[in-house]
There are 2 protein chains.
Amino acid sequence: MQHIAELLKAHKLKVTPQRIAIFKILYDSKEHPSAEHIYKCLQETHPTMSLATVYKTLDTLKKAELVQEFNVGEDSFRYDANIKAHPHMICLECHKVFDLATMKLENLKKYVEEDTDFEIMYEKIFFYGVCADCKKNK
Amino acid sequence: MQHIAELLKAHKLKVTPQRIAIFKILYDSKEHPSAEHIYKCLQETHPTMSLATVYKTLDTLKKAELVQEFNVGEDSFRYDANIKAHPHMICLECHKVFDLATMKLENLKKYVEEDTDFEIMYEKIFFYGVCADCKKNK
DNA sequence: TTTTGTGCAAAGCGTTTGCAGGCAC
DNA sequence: GTGCCTGCAAACGCTTTGCACAAAA
């Protein structure tokens with residue numbers, strides 16, 4: 001908790017309970033929640049927080065490069081406190097979004113840059129399929 | 001044109017001028033236009049076509065697997081008549097979306113499947129950066 | 001005290017839906 | 001002639017905005 005406050009200060013953001021709570025959810029969870037989902041999670045502990053605050057805070061954190069935003073093809077965006085570019089895997093059965101930790105992406109990037117005369121800043125990679133759990137239950 | 005009519009018939013879709021026009025735009029262009037953009041392109045030749053028809057048609061074509069839909073982080077979705085999974089490159093300066101033709105993606109897919117116990121159906125890969133043209137003009 | 005954030009309600013915008021008339025077959 | 005498609009307008013859902021009050025620095 002202390003750690004999150006420091007992080008916000010380090011990025012010259014005012015430290016508020018709302019910001020800490022929202023960042024904490026993103027930091028602790030692996031589900032890459034949407035704004036709506038974060039809002040619902042906070043109903044218990046922060047019943048007065050509005051959806052607008054969730055959106056404004058996510059925008060602030062995004063601009064401070066503390067979270068990343070992405071869209072896996074749904075109506076709404078998802079958020080992730082891990083800002084390092086890393087592939088995501090989306091299960092088409094249960095719609096969970098998983099992280100893919102280890103991958104030799106550097107080679108891929110270099111190969112593409114050489115091939116295209118494009119200067120690559122970052123990439124978003126999504127694999128769609130069926131996760132291990134859902135494969136079992138079929 | 002004939003070719004597009006055949007394609008629609010082959011997928012058991014009724015052949016209408018609207019469907020032909022919309023698919024033709026996607027087939028001819030390399031810009032991966034949004035629904036709005038397709039609508040505007042058709043104002044000249046099909047002034048009575050409604051935005052709703054564009055959306056409904058895109059949905060129909062998507063379900064028939066004649067086009068693919070994706071979101072590169074914008075407010076709206078983009079569409080592509082090339083349904084083969086292929087990486088896209090998004091220029092952060094001019095916001096154009098390019099295709100990346102050649103890539104040894106099969107290896108990547110196999111590697112990820114072995115690493116994760118996930119059954120991969122398809123993938124969406126986006127590289128963000130600065131395109132050759134925009135690099136020149138800086 | 002100054003500055004910035006929060007909460008509410010309303011607006012905005014891309015997309016979807018319901019329905020009546022029209023067209024493909 | 002039947003059933004699906006189109007076009008219009010209204011509705012929908014996610015996200016943003018304006019504003020008054022509250023909290024952080």
Side-chain angles (χ1 to χ4, degrees), chain A residues 1-2 4-25 32-43 45-64 66-79 95, chain B residues 1-2 4-23 32-43 45-64 66-79 95:
Chain A
M1 212 74 55
Q2 199 54 34
I4 295 176
E6 298 304 329
L7 207 58
L8 292 171
K9 269 184 214 161
H11 285 78
K12 297 182 178 153
L13 301 176
K14 281 195 181 171
V15 179
T16 70
Q18 291 86 341
R19 289 182 173 176
I20 291 175
I22 290 169
F23 188 82
K24 188 167 162 41
I25 286 198
H32 314 83
S34 64
E36 186 75 34
H37 190 252
I38 293 170
Y39 173 66
K40 281 183 184 147
C41 284
L42 289 172
Q43 293 285 47
T45 53
H46 298 70
T48 66
M49 183 167 342
S50 72
L51 232 195
T53 297
V54 176
Y55 277 108
K56 284 174 187 167
T57 301
L58 288 171
D59 193 52
T60 303
L61 295 174
K62 203 169 64 187
K63 282 178 180 146
L66 285 169
V67 307
Q68 67 167 304
E69 176 191 75
F70 57 90
N71 185 306
V72 301
E74 301 165 319
D75 294 334
S76 54
F77 283 84
R78 287 172 176 262
Y79 298 86
H95 302 107
Chain B
M1 212 72 55
Q2 199 54 35
I4 295 176
E6 298 305 328
L7 207 57
L8 292 171
K9 268 183 215 159
H11 286 78
K12 296 181 179 156
L13 300 176
K14 280 196 183 170
V15 179
T16 69
Q18 291 87 339
R19 289 182 173 177
I20 291 175
I22 290 170
F23 188 81
H32 313 82
S34 64
E36 186 75 36
H37 191 251
I38 293 170
Y39 173 66
K40 280 183 184 147
C41 285
L42 289 173
Q43 294 284 47
T45 53
H46 298 71
T48 66
M49 183 167 342
S50 73
L51 234 194
T53 297
V54 175
Y55 278 109
K56 283 174 189 167
T57 301
L58 287 171
D59 193 52
T60 303
L61 294 174
K62 205 168 63 186
K63 282 179 180 146
L66 286 169
V67 307
Q68 67 166 302
E69 176 191 74
F70 57 91
N71 184 306
V72 301
E74 300 164 321
D75 295 332
S76 55
F77 284 84
R78 287 173 176 260
Y79 298 85
H95 302 108

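Order of the sequence lines fixes the chain letters, A, B, ..., with proteins taken first and strands second; residue numbering starts at 1 for each chain.
The neighbour count for His37(A) NE2, taken as heavy atoms of other residues, nucleotides or ligands under 6.0 Å away, does not exceed 12.
Between Asp59(B) and Lys56(B) there is no salt bridge, since none of the side-chain N atoms of the basic residue sits less than 4.0 Å from a carboxylate O of the acidic one.
Ser50(A) and Tyr39(A) make their closest contact through C-CE1, 3.8 Å (heavy atoms, listed as atom of the first residue, atom of the second, distance). For the pair Cys41(A) and Ile25(A), the tightest heavy-atom approach, listed with the atom from each and the gap, is CB-CD1, 3.5 Å. Of all the heavy atoms in Phe23(A) and Leu66(A), the pair that sits closest is CE1-O, 3.6 Å. For the pair Ala35(B) and Leu51(B), the tightest heavy-atom approach, listed with the atom from each and the gap, is O-CD2, 4.2 Å.
The distance from atom CG of Leu51(A) to atom C1' of dG13(D) is 11 Å, rounded to the nearest whole Å. In this structure, the CG atom of Asn71(B) is 15 Å from the P atom of dC14(D), given to the nearest Å. dT15(D) atom C1' lies 9 Å from atom CG of Asp75(B), rounded to whole Å.
A distance of 6.5 Å separates OH of Tyr55(A) from CD of Glu36(A), quoted to the nearest 0.5 Å. In this structure, the separation between NZ on Lys24(A) and OG1 on Thr45(A) is 10.0 Å, given to the nearest 0.5 Å. Rounding to the nearest 0.5 angstrom, the gap separating the OH atom in Tyr79(B) from the NZ atom in Lys62(B) is 5.0 Å.
Here chain B contacts DNA chain C (any atom closer than 4.0 Å to a heavy atom, that is under 4.0 Å), and the contacts span dG14(C) to dC25(C) from 5' to 3'.
Glu74(B) is linked by a side chain to side chain donor-acceptor pair (under 3.5 Å) to Arg78(B), counting only residues two or more places apart in sequence or in another chain.
At its two ends the helix from dT1(C)-dA25(D) to dC25(C)-dG1(D) runs along axes set 40° apart, each axis drawn from five pairs and the angle rounded to 10°.
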Using residues 11-22 of chain A as the side-chain source, report each donor-acceptor pair under 3.5 Å to any protein atom, sequence neighbours left out, with the distance given to one decimal.
residue, atom, partner, partner atom, Å
His11(A), ND1, Leu7(A), O, 3.0
Thr16(A), OG1, Arg19(A), N, 3.2
Arg19(A), NH1, Lys14(A), O, 3.1

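The residue among Val15(B) and Ala35(B) whose nearest nucleotide of DNA chain C lies closer to the 5′ end is Ala35(B).
Using a 4.5 Å cut-off on side-chain heavy atoms (C-beta onward), Leu61(A) and Leu8(A) make contact.
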Mind listing the N/O atom pairs, protein and nucleotides 20-22 of chain D, below 3.5 Å?
none

Inset, instruction - Quick one, give me the B/S/- string for nucleotides 3-9 of chain D, reading 5' to 3', where B means a protein heavy atom under 4.0 Å from the base and S means that only happens at the primed atoms, P, OP1 or OP2. - result: BBSSBBB
